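We name chains A, B, ... by the order of the sequence lines, and we start the count at 1 in each one. What you see is a predicted model, and the numbers here were worked out from it, not measured in a lab. We use all heavy atoms of the structure for the numbers below, so side chains are in, but hydrogens, waters and symmetry mates are not.
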Protein chains: 2
Amino acid sequence: MTKLDETDRKIIRALQREGRLSNQHLSQRVNLSPSPCLRRVRNLERAGVIDGYAAIVDQEAYGLPVTVFLQVRLDRHSQDTVTAFETAVAGIDEIMECYLMAGDRDYLLRVVVASLADYEEFIRRRIHKIPGIASLDSSFAFGVVKRSQVLPG
Amino acid sequence: MTKLDETDRKIIRALQREGRLSNQHLSQRVNLSPSPCLRRVRNLERAGVIDGYAAIVDQEAYGLPVTVFLQVRLDRHSQDTVTAFETAVAGIDEIMECYLMAGDRDYLLRVVVASLADYEEFIRRRIHKIPGIASLDSSFAFGVVKRSQVLPG
DNA sequence: ACAATATTGGTAGAATCTGCCAATCATAAT
DNA sequence: ATTATGATTGGCAGATTCTACCAATATTGT
């Protein structure tokens, strides 16, 4: 993939806001005719710049009002321990995001569950089963102030 | 909105994974004919369970490889201070997410920028301008281990 | 200026969406 | 059991949209 020009960025911004925009509407929003607009979108998809599309679901309406940030420290950072942890994380549905952090080589996870009781379950049944964890620190979110799908720039 | 039944959940799961699925494909994936399937989708949209659709963009490919988690503490929690902060946050594009946290009444922000230099700029020009901030703590992410659009359950 | 390459706009046929209608299913009351 | 009620379903036709081509235009490098 070569560089993104301003039209590509306009397309990306529009589709981050409205992922199901029809190609016709998209094309007039970026001052292009439908053909080249669609071709640009497909190129962005093939190049992996656009990695997919997703419905944005209201956690509470879906019955998952509890968000917890969980910080994890591993006791060793051998390849085995790290791989085991990251593989486990990939398979746990309640973990929506997981970042490898600088500093104390921690992980930061965003966990979504239906209730506090379910969170305890989650820790016991999913996290404590993973080997090599040195410490856990849970921070509960009271609510979401902002959540954007549109990258800056 | 009444309760979500299993078909609704199947629809939601499918659209979280593939937000641009055509209604025809979606309908056969949930064992329904296109008409009732589309009606369910529209109902979920109107009820706000499906809050929208978004293209998922690769941060690095888009030129924004740096993710920082920024913890903020306000010096007072008067209505004015809180409102000023949350309004400011809403208007800053680099802040992709902001949560109000339990514990020390902090905020946790996910910030996306192009470089460390830009992050310093961001702190100076955007965050330090907001009144009422008592402390800041930045944690840098080395990378993303997992990022899911599909809620559990 | 010229050639080579990339990008654009248009078009027709296939696929899709949309808003209706009648048929079916589930529930509850008599 | 039977009937009535309401909700949900499936099918259909017109309008919209997508897709894969083509020639025309713009851009780039020499």
Cation-pi, B/Tyr62 ring and A/Arg9 (6.0 angstrom, 45 degrees): yes

To the nearest angstrom, the CG-C1' distance between B/Asn23 and D/dG11 comes to 14 Å

CD of A/Glu6 versus P of C/dT7: gap in Å, rounded? 16 Å

Ring centre gap for B/Phe140 and B/Phe69 strictly below 6.0 Å: no

It should be established whether A/Arg42 places a side-chain nitrogen or oxygen under 4.0 Å from OP1 or OP2 of nucleotide D/dT19. yes

Between D/dT28 atom P and A/Lys3 atom NZ, what is the distance in whole Å? 14 Å

Give the intermediate values and the outcome of side chain to side chain contact (heavy atoms under 4.5 Å, CB included) for residues A/Leu64 and A/Glu60. CA-CA 5 Å; A/Leu64 297 168; A/Glu60 305 210 3; over 6 Å; no

Distance check needed: C/dG10 P versus A/Gln24 CD, whole Å only. 12 Å

Under 3.5 Å, is there an N or O donor on one side and an acceptor on the other linking the side chain of B/Ser35 and the base of D/dG11? yes

What is the distance, rounded to the nearest whole Å, between atom CG of B/Leu21 and atom C1' of D/dC18? 15 Å

In this structure, how many angstroms lie between the P atom of D/dA7 and the CG atom of B/Asp5, rounded? 15 Å

Could you please spell out the steps behind the side chain to side chain contact (heavy atoms under 4.5 Å, CB included) verdict for B/Leu44 and B/Leu4? CA-CA 9 Å; B/Leu44 291 167; B/Leu4 303 177; 3.6 Å; yes

Using the side-chain heavy atoms of A/Pro36, tell me which of these nucleotides is nearest: D/dC18, C/dG9, D/dG11. C/dG9

Atom pair distance, as rounded to whole Å: CZ in B/Arg40 and P in C/dT18: 18 Å

Would you kindly give the CG-to-P distance between B/Leu38 and D/dG11, to the nearest whole Å? 15 Å

Name the residue closer to the 5' end of DNA chain C, choosing between B/His25 and A/Leu32 according to the nucleotide with the nearest heavy atom. A/Leu32

